[in-house]
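Shown next, in structure tokens, is the structure this report addresses.
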Amino acid sequence: MLKRQKVKELLDSKTAQEKVLLKGWVRTRRDAKDFSFVEINDGSCLKNIQVIANNNLNNYEDVKKLTTGSSVAVEGALVESKGGSQKYEVVAESVFVYDYADEDFPLQKKKHTDEYLRTIAHLRPRTNKYGAAFRVRSTLSYAIHKFFQERGFRYVHTPIITGSDAEGAGEMFRVTTLDMENPPKVAGKVDYKQDFFGKEAHLTVSGQLNGEMYAMGLGDIYTFGPTFRAENSNTTRHAAEFWMIEPEMAFADIFDDMDCAEDMVKFITKYVMDNCAEDIELFAKFVDPTLMETLNTIVNNDFARITYSEAIEIMKKSDFKFEYAPEYGIDMQTEHERFLAEVHFKKPVIVRDYPKEIKAFYMKLNADGKTVAAMDVLVPRIGELIGGSQREEHYDVLVQKIKDMGMKVEDYDWYLDSRRYGSVPHAGFGLGFERMMMLITGITNIRDVIPFPRTPNSISF
RNA sequence: UCCGACUUAGCUCAGCGGUAGAGCAAUCGGCUGUUAACCGAUUGGUCGUUGGUUCGAUCCCAACAGUCGGAGCCA
């Protein structure tokens with residue numbers, strides 16, 4: 001029996017072939033006098049393959065009814081094309097129609113807006129742009145695993161349901177099996193002792209605290225999984241469900257952390273450029289004309305490295321008109337981050353040593369007593385791509401920081417154990433996977449780099 | 001959550017105080033090794049919802065809803 005070949009294999013074929021079998025979806029059909037051109041795409045690559053269906057086919061009438069979106073199997077000869085736009089085409093000996101797409105198939109042979117395609121997110125992978133985006137998403141995921149695995153990092157699956165209200169990284173989604181209409185109550189309050197886990201449970205906002213524990217056993221680890229934030233944020237850069245990569249390295253300081261982050265961003269960018277060249281080309285052509293320049297800048301240059309106070313000084317000295325004046329002690333605004341990466345350095349920048357007041361409790365207090373060993377990687381257009389830090393490894397300092405920030409020490413009992421039993425310096429960071437996707441494709445809305453995005457008031461599909 | 005813009009045919013949009021138009025799509029026909037093919041015809045809309053102003057509202061006003069953009073939160 002004839003083995004099916006993907007469109008990519010056929011177009012990459014070294015020679016013409018007498019007999020091939022291909023399967024896919026019709027992108028467009030053009031009728032000529034005695035035959036039809038049918039363009040088939042199967043998702044294996046951006047390009048379609050052109051099929052010549054002559055009117056001597058016994059079901060030629062069926063071929064002439066093929067609409068955009070219909071599914072077919074074609075047997076025939078792979079021959080060099082007489083037309084100019086493609087190397088090969090397939091002259092059909094038989095065309096089997098799996099299914100006709102109804103005439104109200106919403107994808108037309110024209111450009112659709114991203115807003116419209118979002119309303120048909122279940123069908124948009126059949127378009128050129130979204131096909132390319134999600135091929136890139138797959139390759140980018142692989143590149144991340146490849147980067148860490150090749151460097152001896154272990155992949156840790158941290159829990160998605162969590163009982164700790166730990167990190168304070170944002171509002172959390174509650175997980176419960178209680179009857180919401182009529183929950184059990186004690187003294188007027190919901191009695192979570194009767195809930196599934198016997199206490200309150202939520203979807204994770206970060207795997208970091210769990211990841212740190214595994215770094216204390218396995219050495220270097222990384223997590224790569226879904227993360228959830230119940231924040232009511234309506235921006236092009238936030239989703240309620242997104243994927244995060246969180247490496248954690250034992251015996252590492254903030255400089256090791258920055259090196260790792262920079263190496264990783266460069267590696268995965270290069271990997272996608274090399275392995276999704278055709279798809280990236282589409283984005284450079286139709287989505288962001290400056291994309292190639294941006295990607296080359298990332299791959300070919302050292303990232304700028306400055307401290308938070310230096311960043312504030314740079315911004316104060318510039319005559320750039322900020323909506324919010326940069327001031328030491330306040331967290332950087334989106335416009336500040338973008339100024340540094342886009343306007344001042346024109347390449348990725350790593351800012352470190354932030355005032356302790358504006359950063360999380362687990363970050364290591366620097367010798368000055370005022371700043372913490374935190375670092376953010378800022379990139380053009382996106383702003384913050386990565387946030388990381390060296391962790392506070394001293395038990396007493398960490399306990400004091402927990403108290404200072406008004407949190408309960410007993411909630412962090414298990415976490416504090418790591419500082420009691422063989423504590424070591426360690427560091428890690430979090431990379432928002434979708435933000436990396438946006439950086440690498442030039443797509444400006446996070447909703448367009450997630451197959452089925454979840455944002456406030458939006459959970460169709 | 002705050003600020004702003006938008007909401008007219010399946011899609012992208014134009015329009016105007018006197019109840020609507022184009023391109024594309026779809027359907028039918030024609031022509032052609034075409035390639036977002038081309039040419040012709042046809043079909044297709046209670047102009048987001050509710051209220052108000054007016055002789056009369058798709059158009060002006062208000063509220064609400066939805067979408068988009070910016071901000072905050074962050075990844």
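Numbered from 1 within each chain, the chains take letters A, B, ... in sequence-line order.
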query = Does NZ or CZ of A/Arg151 lie under 6.0 Å from the centre of the six-membered ring of A/Phe267, at an angle within 45° of the ring axis?
reply = yes
Let's test your reading of the model: under 3.5 Å, does the base of [N] pair with the side chain of [X] as donor and acceptor?
{"X": "A/Arg435", "N": "B/C74", "value": "yes"}
{"X": "A/Arg237", "N": "B/A75", "value": "no"}
{"X": "A/Gln108", "N": "B/G10", "value": "yes"}
{"X": "A/Gln86", "N": "B/U34", "value": "yes"}
{"X": "A/Glu323", "N": "B/G70", "value": "no"}
{"X": "A/Asp31", "N": "B/U34", "value": "no"}
{"X": "A/His238", "N": "B/C74", "value": "yes"}

Closest approach to the side chain of [X], judged atom by atom: which nucleotide of [options] is it?
{"X": "A/Lys109", "options": "B/A75, B/U1, B/A37", "result": "B/A37"}
{"X": "A/Asn234", "options": "B/A75, B/A37, B/A71", "result": "B/A71"}
{"X": "A/Lys82", "options": "B/G33, B/U35, B/G72", "result": "B/G33"}
{"X": "A/Thr334", "options": "B/C68, B/U12, B/G72", "result": "B/G72"}
{"X": "A/Glu89", "options": "B/A71, B/U34, B/C74", "result": "B/U34"}
{"X": "A/Asn445", "options": "B/U35, B/A75, B/C68", "result": "B/C68"}
{"X": "A/Thr67", "options": "B/G69, B/U27, B/A71", "result": "B/U27"}
{"X": "A/Ile52", "options": "B/G33, B/C73, B/C11", "result": "B/G33"}
{"X": "A/Glu115", "options": "B/U67, B/G10, B/U35", "result": "B/U67"}
{"X": "A/Glu384", "options": "B/A75, B/U32, B/A25", "result": "B/A75"}

For [N], the Watson-Crick or wobble partner whose two distances fall under 3.5 Å:
{"N": "B/G33", "value": "none"}
{"N": "B/A65", "value": "B/U7"}
{"N": "B/C60", "value": "B/G52"}
{"N": "B/G21", "value": "B/C13"}
{"N": "B/U1", "value": "B/A71"}
{"N": "B/U42", "value": "B/A26"}

query = Which residue lies toward the 5' end of RNA chain B, A/Asn232 or A/Asp331, if each is placed at its nearest nucleotide?
reply = A/Asn232
request  = On RNA chain B, check which nucleotide each of A/Lys33 and A/Pro106 is closest to and give me the residue with the more 5' one.
outcome  = A/Pro106
Which part of the nucleic acid, if any, lies within reach of [X] when heavy atoms closer than 4.0 Å are counted: base, sugar-phosphate only, or nothing?
{"X": "A/Thr235", "answer": "base"}
{"X": "A/Glu39", "answer": "base"}
{"X": "A/Ile446", "answer": "base"}
{"X": "A/Arg447", "answer": "sugar-phosphate"}
{"X": "A/Thr119", "answer": "nothing"}
{"X": "A/Phe35", "answer": "base"}
{"X": "A/Thr113", "answer": "sugar-phosphate"}

Let me know the distance between [atom1] of [X] and [atom2] of [N], rounded to the nearest Å.
{"X": "A/Ile49", "N": "B/G33", "atom1": "CD1", "atom2": "P", "value": "21 Å"}
{"X": "A/Leu117", "N": "B/G10", "atom1": "CG", "atom2": "P", "value": "17 Å"}
{"X": "A/Arg338", "N": "B/G70", "atom1": "CZ", "atom2": "C1'", "value": "11 Å"}
{"X": "A/Glu335", "N": "B/G70", "atom1": "CD", "atom2": "C1'", "value": "11 Å"}
{"X": "A/Tyr116", "N": "B/C6", "atom1": "OH", "atom2": "C1'", "value": "19 Å"}
{"X": "A/Ile120", "N": "B/U67", "atom1": "CD1", "atom2": "C1'", "value": "15 Å"}
{"X": "A/Asp104", "N": "B/C24", "atom1": "CG", "atom2": "P", "value": "21 Å"}
{"X": "A/Ile386", "N": "B/C74", "atom1": "CD1", "atom2": "P", "value": "18 Å"}

task = Please lay out, stage by stage, how A/Met264 and A/Tyr222 fare under the test side chain to side chain contact (heavy atoms under 4.5 Å, CB included).
result = CA-CA 12 Å; A/Met264 182 202 65; A/Tyr222 68 105; over 6 Å; no
For residues [X] and [Y], is any side-chain donor paired with an opposing acceptor at under 3.5 Å?
{"X": "A/Ser13", "Y": "A/Gln17", "value": "yes"}
{"X": "A/Asp34", "Y": "A/Asn54", "value": "no"}
{"X": "A/Ser389", "Y": "A/Arg391", "value": "yes"}
{"X": "A/Asp114", "Y": "A/Tyr130", "value": "yes"}

ask   = Under 4.5 Å between any side-chain heavy atoms of A/Ile221 and A/Tyr214, yes or no?
value = yes
message = Check the orientation of A/Phe148 and A/Phe429. Use parallel for under 30°, tilted for 30 to 60°, and perpendicular for over 60°.
response = tilted
message = Tell me whether the rings of A/Tyr155 and A/His145 are parallel (<30°), tilted (30 to 60°) or perpendicular (>60°).
response = perpendicular
Please determine if a side-chain N or O atom of [X] lies less than 4.0 Å away from the OP1 or OP2 oxygen of [N].
{"X": "A/Thr236", "N": "B/G70", "value": "yes"}
{"X": "A/Gln333", "N": "B/A71", "value": "no"}
{"X": "A/Arg30", "N": "B/U34", "value": "no"}

query = Which whole number of Å gives the distance between the C1' atom of B/C38 and that of B/C31?
reply = 8 Å
ask   = Ring of A/Phe242 versus six-membered ring of B/A75: centres under 5.5 Å and planes under 30°?
value = yes
